[in-house]
Each structure stands twice: as C-alpha cells, then as structure tokens.
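We're numbering straight along the sequence, starting at 1.
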Amino acid sequence: MTKFILLGLTVAALSAPAFAGDPAAGEDTFKKCKACHSIVAPDGTEIQKGGRTGPNLYGIIGKGVASDPDFSYGDSIAALGASGAVWDEASLAAYTANPVEYLKTALGDPAAKSKMSFKLAAGGEDVAAYLASVAQ
C-alpha cells in the first residue's frame, strides 16, 4: 500500500508544472509593462502607477481572461474569455511572450489577433509571479 501512495505522490509531483518565477525580479521587469498597465487595488491603492492602454492587472492571476468590465478587449481575447479561460502564472507568462501566438494556439484559430503588440522577450514568469504576489 505504501508503494502505491509513494508512486501516486511521485506521479503527481512530476505532472505538476515546474513553474517558479521570482516576484522581486518581476517587480523590476514590470517597469516595461507600466507604459500600458497599472496595478490598482479595489480600494484605489496604486501599487504600480501606469498607463491605461491596457487593463488594470491587480488580481489578474486566478481571474477570468478578458473579464475587466471597465476595459474594451479585442475580439480574440474576448472570445478566449468567453470560453471560460482563467489566467494562471504559466498562461500569463506565455501570453506576454507572444500575445498573438498565444491566442492562435489557445483558440485554435490561425486568424486570431491581439491588441497587445508588445512582446516580453524574457521575464514573463517573474512578472506573473509578481502579479500573483501583490494581490495576496
């Protein structure tokens, strides 16, 4: 019986995503995102003052894709949100690396487009970890 429990735990550990971003590094990397995005808590506290071209990223991890009612999303990301997709650290890191390719893959639509033209070449995992940490 112990062998089966140990085997089950080993399989679970190996199948879990190996995702570990650095929130401190992500806070620094977020400077690249501030031109378009801010992080503002529901009580109005500005964690990161930034632009309004993109949606507020407070609490984005665990939130439905394209779910900010105060933001006008593009058709492709809105379609992904309508499918019930939820942001986790891995999906947000993948999206920031290449928004168009992420949407094409996630939707299975080679014609998918993104209003976000910026690509975060490196550090997406760290930014996602930072965003997860500020809303706790």
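- Qualifying side chain to side chain donor-acceptor pair (under 3.5 Å) partners for K49, counting only residues two or more places apart in sequence or in other chains: none.
- Under the 4.5 Å side-chain heavy-atom criterion for Ile, Leu, Val, Met, Phe, Trp and Tyr, V100 and V65 are members of distinct hydrophobic clusters.
- Looking only at distances, a side-chain donor or acceptor of D126 sits under 3.5 Å from a matching main-chain atom of D22.
- To the nearest 0.5 angstrom, I77 atom CD1 is 11.5 Å from D75 atom CG.
- Residue A78 comes nearest to A66 through the heavy atom pair CA-CB, 4.0 Å, listed as atom of the first residue, atom of the second, then distance.
- Partners of D88 by side chain to side chain donor-acceptor pair (under 3.5 Å), not counting sequence neighbours, listed by chain and number: S91.
- Partners of A79 under the side-chain contact (heavy atoms from CB on, under 4.5 Å) rule, at least two apart in sequence or in another chain, are L107.
- Contact check for Y102 versus L80: side-chain heavy atoms found under the 4.5 Å cut-off.
- For S67 (side chain) and G64 (main-chain N/O), a donor-acceptor pair under 3.5 Å exists by modelled atom type.
- Every pair passing salt bridge (Lys or Arg N to Asp or Glu O under 4.0 Å) that includes a residue from residues 28-38 is listed here, sequence neighbours excluded: D28-K31.
- Residue pairs meeting the ring-ring contact (aromatic ring centres under 6.0 Å, His included) criterion with at least one partner in residues 46-71, sequence neighbours excluded, are F71-Y73.
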Task: side chain to side chain donor-acceptor pair (under 3.5 Å) assessment of Y130 paired with Q48 - done: CA-CA 11 Å; Y130 169 63; Q48 289 278 352; 3.0 Å; yes
Exercise answer: donor-acceptor pairs, residues 37-44 side-chain atoms, under 3.5 Å, sequence neighbours excluded:
| residue | atom | partner | partner atom | Å |
| --- | --- | --- | --- | --- |
| H37 | ND1 | P55 | O | 2.8 |
| D43 | OD1 | T45 | N | 2.9 |
| D43 | OD1 | T45 | OG1 | 2.7 |
| D43 | OD2 | T45 | OG1 | 3.3 |

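- Distance check: L57 CG to C36 SG gives 10.0 Å after rounding to the nearest 0.5 Å.
- Here salt bridge (Lys or Arg N to Asp or Glu O under 4.0 Å) pairs that include residues 53-66, with residues two or more places apart or in two chains, number zero.
- For E46, there are no salt bridge (Lys or Arg N to Asp or Glu O under 4.0 Å) partners two or more places apart in sequence or in a different chain.
- Between the side chain of K115 and the main chain of S72, a donor-acceptor pair closer than 3.5 Å is present.
- Listed by first then second residue, pairs satisfying ring-ring contact (aromatic ring centres under 6.0 Å, His included) with a partner in residues 105-128 number zero, not counting sequence neighbours.
- Residues passing the side chain to side chain donor-acceptor pair (under 3.5 Å) test with D70, sequence neighbours excluded: none.
- A donor-acceptor pair is defined here as one N or O able to donate and one able to accept, closer than 3.5 Å; such a pair exists between the side chain of S76 and the backbone of K113.
- The two residues A128 and A93 have their closest heavy-atom pair at CB-N, 4.5 Å.
- Distance CG/N98 to NZ/K119: 4.0 Å, rounded to 0.5 Å.
- Taken to the nearest 0.5 Å, the CH2 atom of W87 stands 8.5 Å off from the CD1 atom of I61.
- Applying the side chain to side chain donor-acceptor pair (under 3.5 Å) rule to S114 yields the partners Y95; only residues at least two apart in sequence or on another chain are considered.
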- [ ] Could you please spell out the steps behind the side chain to side chain contact (heavy atoms under 4.5 Å, CB included) verdict for L92 and L131?
- [x] CA-CA 10 Å; L92 187 64; L131 291 170; 3.6 Å; yes
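- Among residues at least two apart or in separate chains, salt bridge (Lys or Arg N to Asp or Glu O under 4.0 Å) pairs with a member in residues 93-110 are E101-K104.
- Note that OG1 of T96 is 11.0 Å distant from CZ of F30, once rounded to the nearest 0.5 Å.
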